[in-house]
Asks: 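Okay, handing you the structure first.
Note on naming: letters A, B, ... go to the chains in the order of the sequence lines (proteins, then strands), and numbering restarts at 1 for each one.
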Number of protein chains: 2
Amino acid sequence: MSVQERKERERAERERLILATARELAEQQGWDAVTTRRLAERIEYSQPVLYSHFRGKREIIGAVALEGAAELAAAVRAATRAANGPRERVAALARAYLDFAARNPAVYDAMFQLDGGLAFAQEDTPEPLKDAFAALLESLGEVAGEGIDPGLFTEVFWASLHGVATLVRAGRQPPEYAEQRVELLVDRLAIV
Amino acid sequence: MSVQERKERERAERERLILATARELAEQQGWDAVTTRRLAERIEYSQPVLYSHFRGKREIIGAVALEGAAELAAAVRAATRAANGPRERVAALARAYLDFAARNPAVYDAMFQLDGGLAFAQEDTPEPLKDAFAALLESLGEVAGEGIDPGLFTEVFWASLHGVATLVRAGRQPPEYAEQRVELLVDRLAIV
DNA sequence: TTGATTGTCTAGCGGTGCTAGGATTCGAAT
DNA sequence: ATTCGAATCCTAGCACCGCTAGACAATCAA
């Protein structure tokens, strides 16, 4: 039985290697550079090995996206935990979100820009995605204001953050004004 | 001289045909289906003809994006012109924007999701893009509120709309709540 | 009518994601 | 220790991609 366990361990280890390599390559040279050939060469296996772990490139992107969702949720929770009061919590959340998008552009792309074959906002939505939304809802729900559904509010606030992240990423504006944008969003949208 | 003019006319006509076909194909089956081979076949010319009009596929996407920017600007201006008062103007703008994104998903993708090789917010930004931003600024600038730069406010409001459009496009939420999202954004962000 | 120029096409390059099928390794049973 | 069977992995190749060189045909000027 121990032999089989070792094999499973090695297999899981190799899967992590694939994802880490794909992510590293994507952050270095963009997702276009993440081809199955290059990826296979970097992990020192042949191409078909990739397909014994994932259905295809799309699923690799999706797996990286799920990793990213978990990290984003953790970053948001860490930031909000360290803040005092609803207003500061929301501001900290916004900063943490935009910071994550800026520091991990390829992962953020995998989550929202590329097709990772992930189902959003449905029954079969993967747990990390639901949890990332939950992390946002925890702090945003309390500032939705009277008569506004917390879920709807979270969606809109999130959308705003996503839009800002996207436009900044596209080099639309120097990052100097990031803090002002956050302040504006928080001041106007959140009801404290 | 008339011969040359006729040729130029025919050439311009063919360029329009290329763009219209690319756009149609993209709206029908997505941009992935817009390959140079398929596009060439549909316009009943060979592949290299495409490259006598555009540097490559990226530039075709970019051209469609510019068309879209002009149409979006026109749609926004038409909607705001028909509305009375700042509050209603902004609401009309938001509805027109989201409506455009929903009705022309492939064009919207070309503008913001795909790489069309376009420069944003720089000196060499194409005129249609600058004008689309200007169309937003015309109505949004007047509700930025005291002490807030109209440009910055427009950026943030636009980002919010873009985020909502993206999330709706990804099937995150049924379109029923579109109006509520618009109301929320307008009520909170705009200072009337 | 000739010659040159312009326009278009055929054919092909190197790359992509993905897969069939053969070779090899390796644990288990004799 | 040897053999067998299954699991594992790789070589080779498919159809397609964006893009281009070079041959060919049509068109115009002389």
Side-chain angles (χ1 to χ4, degrees), chain A residues 1-19 21-23 25-26 28-65 106 109-110 114-118, chain B residues 1-19 21-23 25-26 28-65 106 109-110 114-118:
Chain A
M1 211 46 167
S2 158
V3 166
Q4 196 162 354
E5 284 175 5
R6 193 205 70 222
K7 286 197 175 181
E8 283 175 15
R9 230 175 23 238
E10 288 173 350
R11 209 182 137 73
E13 173 59 30
R14 193 172 63 181
E15 190 157 316
R16 278 199 302 274
L17 176 63
I18 292 173
L19 291 181
T21 305
R23 183 168 170 171
L25 197 49
Q28 283 172 357
Q29 311 182 36
W31 277 104
D32 278 350
V34 183
T35 70
T36 55
R37 278 173 236 276
R38 232 186 309 252
L39 190 49
E41 193 186 4
R42 289 236 180 164
I43 64 170
E44 295 180 314
Y45 282 94
S46 68
Q47 270 182 289
V49 165
L50 299 174
Y51 293 85
S52 76
H53 288 270
F54 304 96
R55 281 180 189 278
K57 186 183 175 180
R58 162 182 303 200
E59 205 169 287
I60 294 177
I61 295 174
V64 170
D109 279 349
L114 301 175
D115 179 12
L118 300 178
Chain B
M1 211 46 163
S2 158
V3 167
Q4 196 163 353
E5 284 176 3
R6 192 203 71 220
K7 286 198 175 181
E8 282 176 16
R9 228 172 29 235
E10 287 173 352
R11 209 182 137 73
E13 172 60 30
R14 194 172 62 180
E15 190 158 316
R16 278 200 301 276
L17 176 63
I18 292 173
L19 290 181
T21 306
R23 183 169 170 170
L25 197 49
Q28 282 172 356
Q29 311 181 37
W31 278 103
D32 278 350
V34 183
T35 70
T36 55
R37 278 171 235 276
R38 234 188 305 255
L39 189 48
E41 194 187 4
R42 290 236 180 165
I43 65 169
E44 294 180 316
Y45 282 95
S46 68
Q47 271 182 289
V49 165
L50 300 175
Y51 292 86
S52 75
H53 288 270
F54 304 94
R55 281 179 188 279
K57 187 183 173 178
R58 162 182 304 199
E59 205 170 289
I60 294 177
I61 295 174
V64 171
D109 279 349
L114 302 175
D115 179 13
L118 301 178

Asks: Return yes when atom CZ of R11(B) has more than 12 non-hydrogen atoms of other residues, nucleotides or ligands closer than 6.0 Å, and no otherwise.
Replies: yes
Asks: Round to the nearest Å and state the distance from L39(B) atom CG to dC16(D) atom C1'.
Replies: 16 Å
Asks: Using atom OH of Y51(B) as one end and atom P of dT10(C) as the other, report the distance to the nearest whole Å.
Replies: 16 Å
Asks: Can you check whether A33(A)'s main-chain N or O pairs, donor with acceptor, with R38(A)'s side chain at less than 3.5 Å?
Replies: yes
Asks: Without decimals, in angstroms, what is the distance between L50(A) CG and dC9(D) C1'?
Replies: 12 Å
Asks: Expressed as a whole number of angstroms, how long is the span from K57(A):NZ to dT19(C):P?
Replies: 15 Å
Asks: Within this structure, what is the CD-to-C1' distance between E10(B) and dT27(D), rounded to whole angstrom?
Replies: 12 Å
Asks: Side chain of Q47(B): nearest nucleotide among dT8(C), dG17(C), dT20(D)?
Replies: dT20(D)
Asks: Please step through salt bridge (charged side-chain N to carboxylate O under 4.0 Å, His left out) for the pair E13(A) and R16(A), ending with a clear verdict.
Replies: CA-CA 5 Å; E13(A) 173 59 30; R16(A) 278 199 302 274; 2.4 Å; yes
Asks: With a 4.5 Å heavy-atom cut-off, do I43(B) and L50(B) have their side chains touching?
Replies: yes
Asks: Nearest of dA20(C), dA21(D), dC17(D) to any side-chain atom of P48(B)?
Replies: dA21(D)
Asks: With a 4.0 Å cut-off on heavy atoms, is R11(B) in touch with a base, just the backbone sugar-phosphate, or nothing at all?
Replies: nothing
Asks: By nearest atom, which of the nucleotides dT16(C), dG17(C), dC19(D) is closest to the R38(A) side chain?
Replies: dT16(C)
Asks: Which whole-number value in Å describes the distance from H53(A) NE2 to dC18(C) P?
Replies: 15 Å
Asks: Rounded to the nearest 0.5 Å, how far does CZ of R58(B) lie from CG of L118(B)?
Replies: 9.5 Å
Asks: Expressed as a whole number of angstroms, how long is the span from E44(B):CD to dT8(C):P?
Replies: 14 Å
Asks: How close or far is atom C1' of dG18(D) from atom CZ of F54(B), stated in whole angstroms?
Replies: 16 Å
Asks: If the cut-off is 4.0 Å, is T36(A) near the phosphate of dC18(C), judged by side-chain N/O to OP1 or OP2?
Replies: no
Asks: Here's a test of your reading of the structure: between R37(A) and S46(A), which maps to the more 5' nucleotide of DNA chain D?
Replies: S46(A)
Asks: Taking only N and O in the side chain of R14(A), is any of them less than 4.0 Å away from OP1 or OP2 of dC9(D)?
Replies: yes
Asks: Nearest to the side chain of Y45(A), which nucleotide is it out of dC10(D), dG17(C), dA11(C)?
Replies: dC10(D)
Asks: Just to confirm, is there a sub-4.0 Å distance from OP1 or OP2 of dG18(D) to any side-chain nitrogen or oxygen of R55(B)?
Replies: no
